[in-house]
A.B. asks: 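Have a look at this one before I ask anything.
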Amino acid sequence: MIRFGLCCQFANVPIKFRTTTVTAVAKLERSASLAKLADLCQANAEALLEALQWCYANGIGCFRVNSQILPIKTHPEQGYRMEELPRCDEIISKFKACGAFAKQNGLRISFHPDQFVVPGSPDERIVANSIAELEYQAEVAEWIGADVINIHGGGAYGDKVIALARFERNLDRISDRVRTRLTVENDDRTYTPADLLPLCGRTGIPLVYDAHHHRCASDGQSIEEVTRLAVETWNREPMFHISSPIDGWNGPRPERHHDYIAVEDFPDCWRGMNLTVEVEAKAKELAVLRLKRDLTKESEEA
């Protein structure tokens with residue numbers, strides 16, 4: 001059975017996640033900034049529970065959490081440890097309630113750190129910041145029961161083999177709670193499934209297969225072949241991504257995402273699989289619900 005995933009936010013449903021800027025926080029005394037951040041964290045925990053409840057009520061089985069669920073958590077000057085926040089225990093308890101709800105109702109939760117998370121970078125500062133971000137998201141993942149923290153391979157820096165070797169070496173620097181959740185995804189320009197599958201085989205890190213990216217950056221393998229190989233990298237339910245190009249496959253920038261998913265872009269070989277498919281579309285929950293309807297209609301007419 002396909003479990004569909006909603007990514008981070010809503011188009012029409014009035015559930016909002018709050019954030020702030022480093023500039024705004026830096027203007028405050030430290031105690032005031034921590035109080036403001038505590039309010040934002042608590043509000044986001046409450047919004048996350050609402051999001052999970054909405055997903056469950058509407059037959060959406062997975063929700064991707066925004067990387068700023070704890071705003072500016074890892075910033076070098078304005079970041080914070082949870083124990084510094086007022087009402088720290090209450091905030092964590094609210095996040096744990098999200099995890100309890102998800103577990104009780106069979107929902108899956110994931111993270112997809114921002115593009116600046118690049119463990120394979122030749123810049124030690126970027127690597128250190130990347131690891132800090134992964135550790136923060138894994139901390140929240142423990143509270144809420146998320147089992148995926150998905151990242152891209154990053155830049156090639158002139159040599160993909162060397163960059164991926166650096167990526168692999170730096171895995172020794174992350175905690176077990178990151179490592180057991182970490183996944184890697186093929187992108188639309190640099191790292192194809194053929195580039196990443198050997199890394200997955202050596203390290204045990206699963207491949208989140210993005211069919212749209214693979215269509216943009218082909219490696220000569222078919223979707224059916226990569227689907228089979230990607231599934232073999234998982235020790236739990238596989239997670240894949242789907243999206244459609246806003247200007248069509250022959251448009252000037254086919255990597256850009258459409259508001260919705262064209263049902264013909266959903267791989268036939270995925271249908272009937274036990275699989276999580278995160279829907280990456282600008283219309284958010286509207287796109288997920290439409291894709292579900294379109295696939296059901298096609299199945300009934302077949």
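Fair warning: this is a prediction, and the values are worked out from it, not measured in the lab.
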A.B. asks: For His213, enumerate each residue passing the ring pair (Phe, Tyr, Trp, His ring centres under 6.0 Å) test, keeping only those at least two apart in sequence or located in another chain.
C.D. replies: His152

A.B. asks: Indicate yes or no: at least one non-hydrogen side-chain atom of Glu84 is less than 4.5 angstrom from one of Arg30.
C.D. replies: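 Yes - at least one pair of side-chain heavy atoms lies under 4.5 Å apart.
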
A.B. asks: Test of understanding: clusters of I, L, V, M, F, W, Y form through side-chain heavy atoms closer than 4.5 Å, transitively. Do Ile261 and Ile246 belong to the same one?
C.D. replies: no

A.B. asks: Using a 4.5 Å cut-off on heavy atoms from C-beta on, say whether the side chain of Val25 contacts that of Leu37.
C.D. replies: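 Leu37 vs Val25: side chains touch.
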
A.B. asks: Does one hydrophobic cluster hold both Trp249 and Ile242, with members joined at side-chain heavy-atom distances below 4.5 Å?
C.D. replies: no

A.B. asks: Mind checking the OG1-CG spacing from Thr192 to Asn186? Nearest 0.5 Å is all I need.
C.D. replies: 7.5 Å

A.B. asks: Where is the tightest heavy-atom contact between Asn274 and Pro238, given as atom of each residue plus distance?
C.D. replies: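 The answer is O-CD, 3.6 Å.
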
A.B. asks: Under the side chain to side chain contact (heavy atoms under 4.5 Å, CB included) rule, what do Arg179 and Ile205 come out as? Steps first, then yes or no, please.
C.D. replies: CA-CA 8 Å; Arg179 184 66 180 263; Ile205 294 174; 4.3 Å; yes

A.B. asks: Salt-bridge test for Asp147 and Arg181: reply yes if a basic N is under 4.0 Å from a carboxylate O, no otherwise.
C.D. replies: no

A.B. asks: Is Asp219 reaching over with its side chain to a backbone N or O of Gln221, donor-acceptor style, under 3.5 angstrom?
C.D. replies: yes

A.B. asks: Any luck finding a side-chain donor-acceptor pair between Ser110 and Glu278 under 3.5 Å?
C.D. replies: yes

A.B. asks: Hey, quick one: are Leu164 and Tyr157 part of the same hydrophobic cluster, counting side-chain heavy atoms closer than 4.5 Å, chains of contacts allowed?
C.D. replies: no

A.B. asks: Taking Thr276's backbone N and O only, do any of them form a donor-acceptor pair with Arg3's side chain (distance below 3.5 Å, no angle check)?
C.D. replies: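 No; judged by distance alone, with no hydrogens or angles, the pair does not exist.
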
A.B. asks: Hey, are the side chains of Arg215 and Asp265 touching, using non-hydrogen atoms and a 4.5 Å cut-off?
C.D. replies: yes

A.B. asks: Residues in ring pair (Phe, Tyr, Trp, His ring centres under 6.0 Å) with Phe266, at least two apart?
C.D. replies: Trp270

A.B. asks: So does Lys96 have more than 12 non-hydrogen atoms from other groups sitting under 6.0 Å from NZ?
C.D. replies: no

A.B. asks: Who pairs with Asp259 by side chain to side chain contact (heavy atoms under 4.5 Å, CB included), at least two apart in sequence or on another chain?
C.D. replies: Lys282, Ala283

A.B. asks: So among Ile144, Asn44, Val140, which one has a side chain to side chain contact (heavy atoms under 4.5 Å, CB included) with Val65?
C.D. replies: Ile144

A.B. asks: So, the side chain of Arg64 versus the backbone of Leu6: is there a donor-acceptor pair under 3.5 Å, distance only?
C.D. replies: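 No; judged by distance alone, with no hydrogens or angles, the pair does not exist.
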
A.B. asks: Less than 6.0 angstrom from the centroid, inside 45 degrees of the normal: does Lys16 satisfy that with respect to the ring of Phe10?
C.D. replies: no

A.B. asks: Over 60° means perpendicular and under 30° means parallel, so tell me whether Tyr56 and Phe101 are parallel, tilted or perpendicular.
C.D. replies: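 Perpendicular, since the angle between the ring planes exceeds 60°.
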
A.B. asks: Whether the side chain of His112 engages the backbone of Asn150 through a donor-acceptor N/O pair (distance < 3.5 Å, no angle test) should be reported.
C.D. replies: yes

A.B. asks: With a sphere of 6.0 Å drawn around CZ of Arg271, does it hold more than 12 non-hydrogen atoms of other residues, nucleotides or ligands?
C.D. replies: yes

A.B. asks: Which pairs would a plain distance check flag for residues 285-294, meaning a side-chain donor or acceptor within less than 3.5 Å of a matching protein atom at least two apart in sequence or in another chain?
C.D. replies:
{"residue": "Glu285", "atom": "OE1", "partner": "Ala11", "partner atom": "N", "Å": "2.6"}
{"residue": "Glu285", "atom": "OE2", "partner": "Ala11", "partner atom": "N", "Å": "3.4"}
{"residue": "Glu285", "atom": "OE2", "partner": "Asn12", "partner atom": "N", "Å": "2.7"}
{"residue": "Glu285", "atom": "OE2", "partner": "Val13", "partner atom": "N", "Å": "3.2"}
{"residue": "Lys292", "atom": "NZ", "partner": "Gly59", "partner atom": "O", "Å": "2.8"}

A.B. asks: Under 4.5 Å between side-chain heavy atoms, counting indirect links through other Ile/Leu/Val/Met/Phe/Trp/Tyr residues: same cluster for Tyr260 and Val263 or not?
C.D. replies: no

A.B. asks: Hydrophobic clustering (ILVMFWY, side-chain heavy atoms < 4.5 Å, transitive) - are Ile162 and Ile126 grouped together?
C.D. replies: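 As far as the 4.5 Å side-chain criterion goes, Ile162 and Ile126 are not connected within one cluster.
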
A.B. asks: Hey, could you give me each pair passing ring-ring contact (aromatic ring centres under 6.0 Å, His included) that has a residue in residues 190-211? Not counting sequence neighbours.
C.D. replies: Tyr209-His214, Tyr209-Phe240

A.B. asks: Counting N and O atoms only, with roles assigned by atom type, does the side chain of Asn58 sit under 3.5 Å from a partner on the main chain of Ile60, one being a donor and the other an acceptor?
C.D. replies: no

A.B. asks: Okay, side chain of Arg87, backbone of Ala35: is any donor-acceptor separation there less than 3.5 Å?
C.D. replies: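 Not a single qualifying donor-acceptor pair exists.
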
A.B. asks: Any heavy-atom pair between the side chains of Tyr80 and His75 that's under 4.5 Å?
C.D. replies: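 In short, these two side chains do not touch, never coming nearer than 4.5 Å.
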
A.B. asks: Does the side chain of Asp247 come within less than 4.5 Å of Pro252's, by heavy atoms?
C.D. replies: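 Of all side-chain heavy-atom pairs linking Asp247 with Pro252, at least one is under 4.5 Å.
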
A.B. asks: Is the closest side-chain heavy-atom distance between Lys73 and Gln137 below 4.5 Å?
C.D. replies: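 In short, these two side chains do not touch, never coming nearer than 4.5 Å.
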
A.B. asks: Would you say Glu264 has more than 12 foreign heavy atoms packed within less than 6.0 Å of its CD?
C.D. replies: yes

A.B. asks: For a quick test of reading the model, state the closest non-hydrogen atom pair linking Gly154 to Val118 and the distance between them.
C.D. replies: CA-CG1, 3.9 Å

A.B. asks: Determine the minimum heavy-atom distance between Ser121 and Val127, stating which atoms define it.
C.D. replies: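 In this case the closest contact between Ser121 and Val127 is O-CG2, 3.3 Å.
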
A.B. asks: So, applying salt bridge (charged side-chain N to carboxylate O under 4.0 Å, His left out) with Arg173, which one of Glu135, Glu124, Glu168 is it?
C.D. replies: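 So the option named by the test is Glu124.
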
A.B. asks: Distance only, no hydrogens: is a donor on one side chain within 3.5 Å (strictly under) of an acceptor on the other, for His212 and Ser243?
C.D. replies: yes

A.B. asks: Name all residues meeting the side chain to side chain donor-acceptor pair (under 3.5 Å) criterion together with Lys284; count only those two or more places apart in sequence or in a different chain, and write none if there are none.
C.D. replies: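 Testing Lys284 for side chain to side chain donor-acceptor pair (under 3.5 Å), a comparison that skips the adjacent residues, returns none.
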
